[in-house]
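A note on names: the letters A, B, ... follow the listed sequences, proteins ahead of strands, and every chain is numbered from 1. Side-chain atoms are counted along with the backbone in the values below, which use heavy atoms only and exclude waters and symmetry mates. It should be emphasised that the depicted structure is a prediction, and the values quoted were computed from it without experimental measurement.
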Protein chains: 2
Amino acid sequence: MVDGRTRRRTDTRQRLYEAAMDLIAEHGFSATTVEDIALRAGVAKGTVYYNFPSKNALFEELLRHGVGLLTADFRAAAGGLAPPEAVLALIRAELAYIERHRSFAQLLLSEMWRTNREWHQTLQLLRGEAVDVIAQVLRRGVDEGHFDAALDVRMAAAALFGVCLVVAVDWLVFEPDRSLADVQGALITVIRARVGI
Amino acid sequence: MVDGRTRRRTDTRQRLYEAAMDLIAEHGFSATTVEDIALRAGVAKGTVYYNFPSKNALFEELLRHGVGLLTADFRAAAGGLAPPEAVLALIRAELAYIERHRSFAQLLLSEMWRTNREWHQTLQLLRGEAVDVIAQVLRRGVDEGHFDAALDVRMAAAALFGVCLVVAVDWLVFEPDRSLADVQGALITVIRARVGI
DNA sequence: TGACTTGTACTGACCAGTCAGTCTAAAAAC
DNA sequence: GTTTTTAGACTGACTGGTCAGTACAAGTCA
């Protein structure tokens with residue numbers, strides 16, 4: 001099933017994914033050259049074009065791959081839990097994902113709300129799937145009386161997704177030495193805190 | 001005092017600011033060409049270089065200008081209020097600012113956490129000034145017993161700043177027809193809501 | 001053998017930044 | 001008050017360089 005050829009090719013693609021992720025997160029899509037990606041992945045430029053039809057396509061598959069993993073993590077984290085615990089689990093899952101895929105998180109944050117790009121549509125769709133998992137949990141929480149009935153579920157889901165992203169990337173950029181557990185704790189305290197407004 | 005020359009030049013620079021803001025927000029810094037900016041502003045490419053030493057410098061001045069306005073709005077909004085009301089005022093100020101300067105908000109969200117850029121340092125500094133205004137209000141709120149003493153003030157400030165940005169840009173991109181007041185209300189409800197976790 | 005990879009060379013489009021020259025408001029000269 | 005000069009503001013063709021994508025001959029590996 002997993003013959004040597006396929007494994008080899010998968011490896012190459014994986015290395016290209018990672019290289020592209022790091023570079024695009026650092027410099028942005030336009031400022032990252034295909035040659036740089038190939039160099040960082042340790043392959044020839046031709047190999048990039050053997051494996052992907054274009055720079056855009058590489059990036060789009062990258063997005064699909066990365067967001068797909070996040071959505072899967074979300075589903076696994078929330079599955080079978082009561083809404084309050086599920087929300088906590090989702091926060092933990094998002095932070096853990098961001099720690100594991102730092103570059104990708106930065107990339108998402110930079111490109112998520114950028115319109116007028118070829119892959120904008122794709123990204124919106126993918127994001128929608130991830131945020132939907134959160135929204136479903138919140139909706140169930142409202143229905144079952146755990147959460148305030150006045151809650152705008154869609155907005156709350158987007159907000160929750162967004163805060164985690166922003167806080168986590170902030171942490172990675174400014175306080176990389178702080179532990180994930182600590183950040184997680186502080187963030188949950190912030191979300192929990194009655195700010196009394 | 002206001003001779004024709006200076007007025008003309010100021011106008012040109014203003015038009016260049018606005019054109020650059022819109023285009024960079026839509027396409028990103030690298031994907032926006034100086035020629036596009038000039039065209040949109042209705043001047044020749046050379047004029048851009050007559051008014052600014054480089055594309056980077058234009059963008060940096062743009063950032064300084066835009067974030068400066070936001071910080072000023074923050075200071076004006078929070079001034080003289082007790083912490084709980086000041087936090088509300090800050091949220092309103094940020095959303096109002098974002099509505100008034102849509103492109104700039106999108107631009108900020110995209111470029112804020114991008115490292116390895118010439119203007120990265122500048123942007124971090126500017127952001128720090130804005131977030132500091134929020135942090136000071138929160139600190140005072142903790143000291144005066146309005147807010148939970150366990151609050152990580154820096155993180156809370158960053159989180160608050162971030163949620164507003166994310167929620168507002170989300171709104172502009174996905175539900176532009178919804179009114180600002182409505183979004184404001186929903187966001188404050190979300191922040192207030194005991195999610196009971 | 002055939003799928004995959006390499007390395008090099010190339011093309012054509014595009015783009016940041018330059019520069020010699022034009023236009024015009026206003027200062028100077030008469 | 002009219003003419004001349006000056007300099008600030010602007011123009012757009014041009015340059016040097018970069019980069020996505022192509023082509024292909026030769027090499028590796030199952």
Side-chain angles (χ1 to χ4, degrees), chain A residues 1-63 107 111 116-119, chain B residues 1-63 107 111 114 116-120:
Chain A
M1 194 92 278
V2 199
D3 83 0
R5 280 203 266 272
T6 356
R7 150 160 305 136
R8 191 174 164 208
R9 190 163 185 187
T10 309
D11 280 1
T12 302
R13 289 174 67 97
Q14 189 59 39
R15 287 218 307 286
L16 283 171
Y17 273 156
E18 275 158 25
M21 201 114 90
D22 288 353
L23 291 171
I24 296 177
E26 253 183 86
H27 306 108
F29 177 78
S30 299
T32 300
T33 72
V34 172
E35 183 116 39
D36 287 344
I37 296 173
L39 236 60
R40 160 94 61 131
V43 304
K45 185 177 172 183
T47 306
V48 177
Y49 284 95
Y50 184 77
N51 284 280
F52 300 93
S54 70
K55 187 188 176 188
N56 263 306
L58 163 58
F59 187 56
E60 208 165 315
E61 285 199 38
L62 193 73
L63 289 175
L107 187 161
E111 308 291 347
N116 290 84
R117 281 289 209 190
E118 268 184 51
W119 26 261
Chain B
M1 199 84 285
V2 200
D3 88 3
R5 282 205 265 267
T6 19
R7 150 160 302 137
R8 191 179 172 201
R9 191 162 184 189
T10 309
D11 280 3
T12 302
R13 288 175 66 97
Q14 190 58 38
R15 288 218 307 285
L16 283 171
Y17 271 155
E18 276 157 25
M21 199 112 91
D22 288 354
L23 290 172
I24 295 178
E26 254 183 86
H27 305 109
F29 177 79
S30 299
T32 301
T33 72
V34 173
E35 183 119 38
D36 287 344
I37 296 173
L39 237 60
R40 160 94 62 130
V43 301
K45 186 176 175 184
T47 307
V48 177
Y49 286 94
Y50 182 76
N51 283 281
F52 300 93
S54 69
K55 187 187 177 189
N56 265 306
L58 162 58
F59 187 56
E60 209 166 315
E61 284 198 41
L62 195 73
L63 289 175
L107 187 161
E111 307 291 348
R114 178 157 292 154
N116 289 81
R117 281 290 208 191
E118 267 185 50
W119 28 261
H120 177 245

Nearest whole angstrom, please: distance from the P of C/dT22 to the OH of B/Y50.
17 Å
Kindly indicate, with the supporting measurements, whether the criterion side-chain contact (heavy atoms from CB on, under 4.5 Å) is fulfilled by B/I37 and B/L58.
CA-CA 11 Å; B/I37 296 173; B/L58 162 58; 4.2 Å; yes
With a 4.0 Å cut-off on heavy atoms, is B/V43 in touch with a base, just the backbone sugar-phosphate, or nothing at all?
sugar-phosphate
Would you indicate, yes or no, if D/dA9 has its OP1 or OP2 atom less than 4.0 angstrom from a side-chain nitrogen or oxygen of B/N51?
no
Taking the side chain from B/D36 and the backbone from B/T32, do they hold a donor-acceptor pair closer than 3.5 Å?
no
Does this structure show an ion pair linking B/R117 with B/E60, if we count only N-O contacts that are shorter than 4.0 Å?
no
With the sugar-phosphate defined as primed atoms, P, OP1 and OP2, and the base as all remaining atoms, what B/S/- string results for nucleotides 19-25 of chain D, 5' to 3', for protein heavy atoms under 4.0 Å?
SBBB---
Below 30° counts as parallel, above 60° as perpendicular, anything between as tilted: where do the rings of B/W119 and B/F59 land?
perpendicular
Hey, mind stepping through B/L63 and B/L107 against side-chain contact (heavy atoms from CB on, under 4.5 Å) and telling me if it holds?
CA-CA 9 Å; B/L63 289 175; B/L107 187 161; 3.9 Å; yes
Quickly work out the A/D11 CG to D/dC29 C1' distance and round it to whole Å.
14 Å
Could you state the atom-to-atom distance from CG of B/L16 to P of C/dA16 in whole Å?
14 Å
Rounded off to whole Å, could you give me the CZ-to-C1' distance for the A/R13 and C/dA3 pair?
15 Å
Got a sec: does the CD of B/E118 have more than 12 other heavy atoms crowding it under 6.0 Å?
no
Measure from CZ on A/R15 to C1' on C/dC4 and round the result to the nearest Å.
13 Å
Nearest whole angstrom, please: distance from the C1' of D/dT11 to the CZ of B/R9.
15 Å
